[in-house]
Amino acid sequence: MKIEGSVALVTGANRGLGRSFAAELLDRGAAKVYAAARRPETVDLPGVVPLALDITDPASIRAAAEHARDVTLLINNAGVSTGSSILGGTLDDIRLEMETHYFGTLATAREFAPILGRNGGGAILNVLSVLAWVAISPQVAAYSAAKAAALQLTNALRLELKEQGTLVTALHVGYMDTGMAAGVTAPKIAPAKVAALALEGVEQGSFEVIADDVSRHVRSQLSADLTDLYPQLAS
Ligand SMILES: NC(=O)c1ccc[n+]([C@@H]2O[C@H](COP(=O)([O-])OP(=O)(O)OC[C@H]3O[C@@H](n4cnc5c(N)ncnc54)[C@H](OP(=O)(O)O)[C@@H]3O)[C@@H](O)[C@H]2O)c1
């Protein structure tokens, strides 16, 4: 789909990758950009339309959808990282990851899918991660499980929305230079670059956008022996 002239809604658009998406959409000539955020008063990008949206609150999603009936591109970007391991983290934190990445993305997609259909099909871009494919360490275990659930949601959604002509694109990326990865010292890709690559993928009708070398490497190893993906198991 063409970004120029589109009406986009980005969740979690007040900071991080979401803010970069909103800026890139404006640069590429989107007709309107709803910058959705839990606290819309924190949206500071000129030219966007701030919109209240907490993706874990069904009433909030319904209200946003009633307001933004003209959306043609939904970017499910909002996310959290609690740093919880499967055994060491609290169940509340592990549930928050699942409520946000899986149920929040699902509920938002369900609410906006009919709107996209009425507006000609459009597209949904789900922000996933390289960690949807691997759980590299205990610190990202709950996050990986939630992103894996969001990946299968994305795959299923793509099939269910094919008939109404809605493209569903999965975005995979490793560490990005945002608040979420503030404590990470490993190389990080700039969120503006990721937003540009992802929107190019949507324009080209891609089902999947792989934004960095780490994600490309893991993707290429998915059919390998598990000890290749998890070398710590080999010793
Ligand atoms: N940073 C990385 O290394 C990395 C790598 C791969 C994938 N990702 C994914 O990229 C996406 C963007 O993350 P980021 O790096 O930009 O992180 P970030 O800077 O921490 O931003 C997260 C955004 O999500 C919003 N959010 C969290 N829970 C929400 C909810 N229930 N409803 C609505 N908005 C909510 C936050 O809003 P508040 O300001 O209200 O908290 C914030 O705008 C996420 O899906 C993340 O999992 C990040």
Side-chain angles (χ1 to χ4, degrees), residues 9-24 34-45 48 50-64 74-84 93 95-109 111-112 124-137 139-140 142-151 153-154 169-195 197-198 209-216 218-219:
L9 187 151
V10 184
T11 67
N14 54 318
R15 60 192 176 97
L17 178 63
R19 191 181 187 284
S20 294
F21 266 124
E24 188 68 27
Y34 291 106
R38 290 192 276 205
R39 292 165 296 138
E41 67 278 11
T42 62
V43 172
D44 63 356
L45 187 67
V48 299
L51 182 67
L53 176 56
D54 180 338
I55 66 163
T56 61
D57 175 356
S60 171
I61 302 170
R62 173 64 53 87
L74 169 65
I75 301 185
N76 284 311
N77 163 79
V80 290
S81 174
T82 64
S84 299
D93 277 349
R95 282 206 175 94
L96 175 65
E97 300 260 14
M98 210 51 99
E99 286 296 337
T100 307
H101 296 289
Y102 179 68
F103 287 107
T105 301
L106 172 63
T108 307
E111 199 68 50
F112 278 91
I124 296 177
L125 172 65
N126 284 347
V127 178
L128 304 173
S129 167
V130 65
L131 296 175
W133 292 317
V134 283
I136 52 167
S137 72
Q139 290 75 27
V140 294
Y143 180 88
S144 298
K147 285 296 196 191
L151 170 57
L153 152 66
T154 305
T169 303
L171 169 63
H172 293 273
V173 59
Y175 289 123
M176 281 186 295
D177 198 2
T178 68
M180 187 176 285
V184 173
T185 52
K188 294 180 252 188
I189 188 171
K193 186 170 178 193
V194 175
L197 286 169
V209 173
I210 301 180
D212 59 1
D213 289 341
V214 172
S215 303
R216 259 184 294 281
V218 171
R219 179 72 161 89

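Everything numeric here is computed off the predicted structure, so don't read it as measured data. Order of appearance sets the numbers: ligands from 1, and atoms from 1 within every ligand.
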With a 4.0 Å heavy-atom cut-off (strictly under), which part of [X] contacts ligand 1: side chain, backbone, both or neither?
X    : value
T42  : neither
V80  : side chain
L128 : backbone

Taking 4.0 angstrom as the limit and counting only heavy atoms of [X], give me the atoms of ligand 1 inside it, by number and element.
X    : value
G16  : 16 (O), 19 (O)
L53  : 32 (N), 33 (C)
S129 : 6 (C), 7 (C)
I55  : 30 (C), 31 (N), 32 (N), 33 (C)
Y175 : 3 (O)
G12  : 25 (C), 43 (O)
G179 : 19 (O)

Looking only at non-hydrogen atoms, find the nearest pair between [X] and [Y] and report the distance.
X    : Y    : result
E111 : I61  : CB-CG2, 3.6 Å
A150 : L128 : CB-CD2, 3.6 Å
G16  : T178 : CA-CG2, 3.9 Å
Y175 : A186 : CD1-CB, 4.1 Å
L74  : A109 : CD2-CA, 4.1 Å

Under 3.5 Å: donor-acceptor pair, side chain of N77, backbone of G12: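 Flag set: sc N77 to bb G12 pair under 3.5 Å.
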T11 (side chain) donor-acceptor with N76 (main chain) under 3.5 angstrom: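 Flag not set: sc T11 to bb N76 has no pair under 3.5 Å.
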Just need the protein heavy atom nearest to [atom], so name the residue and atom and give the distance.
atom                    : answer
atom 45 (O) of ligand 1 : N77 O, 2.7 Å
atom 19 (O) of ligand 1 : R15 NH1, 3.5 Å
atom 10 (O) of ligand 1 : V127 CG1, 3.4 Å
atom 35 (C) of ligand 1 : A78 CB, 3.5 Å
atom 40 (O) of ligand 1 : R38 NE, 3.0 Å
atom 22 (C) of ligand 1 : G79 O, 3.5 Å
atom 47 (O) of ligand 1 : Y143 OH, 2.6 Å
atom 31 (N) of ligand 1 : D54 OD1, 2.9 Å

Under 3.5 Å side-chain donor-acceptor pair for E97 and T82: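 E97 vs T82: donor-acceptor pair found between side chains.
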At the 4.0 Å heavy-atom cut-off, does [X] count as touching ligand 1?
X    : result
H172 : no
G174 : yes
V173 : yes
H101 : yes

Nitrogen or oxygen atoms of L17 and ligand 1 under 3.5 Å apart: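 Yes.
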Exceeds 12 heavy-atom contacts within 6.0 angstrom, atom CZ of R216: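 Yes, because the 6.0 Å sphere around CZ of R216 holds more than 12 heavy atoms from other groups.
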K193 atom NZ, neighbour heavy-atom count above 12 within 6.0 Å: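 Check fails, neighbour count at 12 or below.
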Mutual orientation of the aromatic rings belonging to H101 and Y143 [parallel < 30°, tilted 30-60°, perpendicular > 60°]: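 Correct class here is perpendicular.
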Rounded distance (nearest 0.5 Å) linking atom CG of L9 with atom CD1 of I124: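 So the gap between those two atoms works out to 11.0 Å.
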Distance, nearest 0.5 Å, that separates CZ of R19 from CG of L45: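 Going from CZ on R19 over to CG on L45, the span is 5.0 Å.
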Note, P191 side chain near D177 side chain (heavy atom, < 4.5 Å):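 Yes. Closest side-chain heavy atoms under 4.5 Å.
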